[in-house]
Amino acid sequence: MTRREIRDSAFKLIFEQLLRDDDIEELYDIAEEVDEITVNDEVKKLVEGTISHRDELDGIISGYSKSRSISRISKLNLAILRLALYESIYDDNTPVNAAISEAINLSMTYTYQEDTSFINGVLGAFSRDRSSGENENA
């Protein structure tokens, strides 16, 4: 699987978990039964990492979402934002700009144009603040 395919599968499982609120292991089993979403160790790492840091990620999203509270962000957008932020913060193999670019690709595939702009705005602000913070520490 390519990194993009891993991310796409992880996104779908994170989104499904938001809709169903089922145990993630049950969602893995369902995904494997219907054979539409690939579940492997890399997908599970992204899914479980994103879910385990949900509160922290939502806090970051809340801080950068000036126009919408978490409860008003669509579940699709929330899944994309959480995954991108998780990768940006916790995945040493994924540069922030790559995580943002992949989030925009997911958004263009699964959401509306205005949602893509919203996601880009939130992640862009996060990236700028993170970059300026790294420059201050250098």
Side-chain angles (χ1 to χ4, degrees):
M1 283 182 86
T2 67
R3 184 68 184 176
R4 182 167 284 167
E5 291 167 334
I6 292 165
R7 186 177 291 107
D8 188 75
S9 290
F11 157 71
K12 289 173 182 173
L13 287 161
I14 292 165
F15 174 65
E16 188 71 22
Q17 199 265 338
L18 281 167
L19 291 177
R20 298 172 57 116
D21 203 32
D22 287 340
D23 178 74
I24 195 62
E25 291 297 327
E26 186 174 330
L27 292 177
Y28 292 153
D29 292 341
I30 293 168
E32 288 175 346
E33 282 176 27
V34 296
D35 201 29
E36 291 181 17
I37 300 172
T38 302
V39 178
N40 62 25
D41 289 342
E42 293 175 89
V43 171
K44 287 180 179 181
K45 180 181 175 191
L46 280 179
V47 170
E48 292 165 13
T50 301
I51 290 171
S52 70
H53 291 280
R54 179 187 67 218
D55 293 339
E56 173 193 358
L57 301 173
D58 286 357
I60 294 168
I61 294 165
S62 292
Y64 290 105
S65 174
K66 303 303 180 200
S67 61
R68 303 178 200 173
S69 66
I70 287 286
S71 63
R72 294 197 58 230
I73 297 173
S74 77
K75 293 190 183 332
L76 277 171
N77 293 345
L78 197 54
I80 292 169
L81 286 166
R82 284 178 179 169
L83 179 59
L85 288 170
Y86 172 77
E87 284 189 287
S88 297
I89 297 167
Y90 294 104
D91 187 342
D92 295 334
N93 296 322
T94 304
V96 174
N97 289 342
I100 292 171
S101 177
E102 290 299 321
I104 298 307
N105 285 335
L106 283 170
S107 181
M108 289 189 311
T109 301
Y110 295 108
T111 70
Y112 297 108
Q113 176 60 43
E114 58 269 13
D115 292 331
T116 300
S117 297
F118 170 73
I119 288 168
N120 192 37
V122 170
L123 295 176
F126 166 78
S127 176
R128 285 187 296 280
D129 282 356
R130 187 173 169 125
S131 293
S132 67
E134 288 173 1
N135 291 339
E136 290 170 8
N137 295 332

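- Taking the six-membered ring for Trp and the full ring otherwise, Tyr110 and Phe15 have centroids separated by 6.0 Å or more.
- Using a 4.5 Å heavy-atom cutoff, the side chains of Val47 and Tyr28 are in contact.
- Residue Ile14 holds its CD1 atom at 7.0 Å from CG of Leu46, rounded to the nearest 0.5 Å.
- Expressed to the nearest 0.5 Å, how far CG of Leu83 lies from CG of Leu13 amounts to 10.5 Å.
- Remark: Asp23 CG is packed, more than 12 non-hydrogen atoms of other residues, nucleotides or ligands lying under 6.0 Å away.
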task: May I have the step-by-step check of side-chain contact (heavy atoms from CB on, under 4.5 Å) for Ile73 and Ile70, ending in yes or no?
output: CA-CA 5 Å; Ile73 297 173; Ile70 287 286; 4.3 Å; yes
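- Residue pairs meeting the salt bridge (charged side-chain N to carboxylate O under 4.0 Å, His left out) criterion with at least one member in residues 2-18, sequence neighbours excluded, are Arg3-Glu87, Arg3-Asp91, Arg4-Glu102, Arg7-Glu87, Arg7-Glu102, Asp8-Lys12, Glu16-Arg20.
- Distance alone, capped at 3.5 Å, is enough to place a donor-acceptor pair between the Ser52 side chain and the Gly49 backbone.
- Residues Leu76 and Tyr112 are members of separate hydrophobic clusters, defined by side-chain heavy-atom contacts under 4.5 angstrom among Ile, Leu, Val, Met, Phe, Trp and Tyr.
- Contact record, Thr116 with Met108: OG1-N, 3.7 Å, taken as the closest heavy-atom pair.
- Taking CD1 from Ile37 and CD1 from Ile30, the interatomic distance works out to 10.0 Å, rounded to the nearest 0.5 Å.
- Using a 4.5 Å heavy-atom cutoff, the side chains of Ser67 and Phe118 are in contact.
- Ser9 places no side-chain N or O within 3.5 Å of a backbone atom of Ile6 that could act as its donor or acceptor partner.
- Atom-to-atom distance recorded for Ile51:CD1 and Lys44:NZ is 12.5 Å, nearest 0.5 angstrom.
- Between the CG atom of Asn77 and the CG atom of Leu106 there is a distance of 11.0 Å, given to the nearest 0.5 Å.
- To the nearest 0.5 angstrom, Thr50 atom OG1 is 9.0 Å from Arg82 atom CZ.
- Here the side chains of Leu85 and Leu123 are in contact, with some heavy-atom distance below 4.5 Å.
- Residues Leu81 and Leu57 fail the side-chain proximity criterion, which asks for heavy atoms closer than 4.5 Å.
- Across Lys45 and Tyr86, no two heavy atoms sit closer than the pair O-OH, 4.0 Å.
- Nearest heavy-atom pair across Ala99 and Ala84 is CB-O, 3.7 Å.
- Pairs of residues two or more places apart, or lying in two chains, that qualify as salt bridge (charged side-chain N to carboxylate O under 4.0 Å, His left out) and include a residue from residues 64-79 are Arg68-Asp115.
- Taking the side chain as every heavy atom from C-beta outward, Ser127 and Asn97 approach each other to under 4.5 Å.
- Two residues are said to be in side-chain contact when any heavy atoms from C-beta on lie closer than 4.5 Å; Thr111 and Ser74 fail this criterion.
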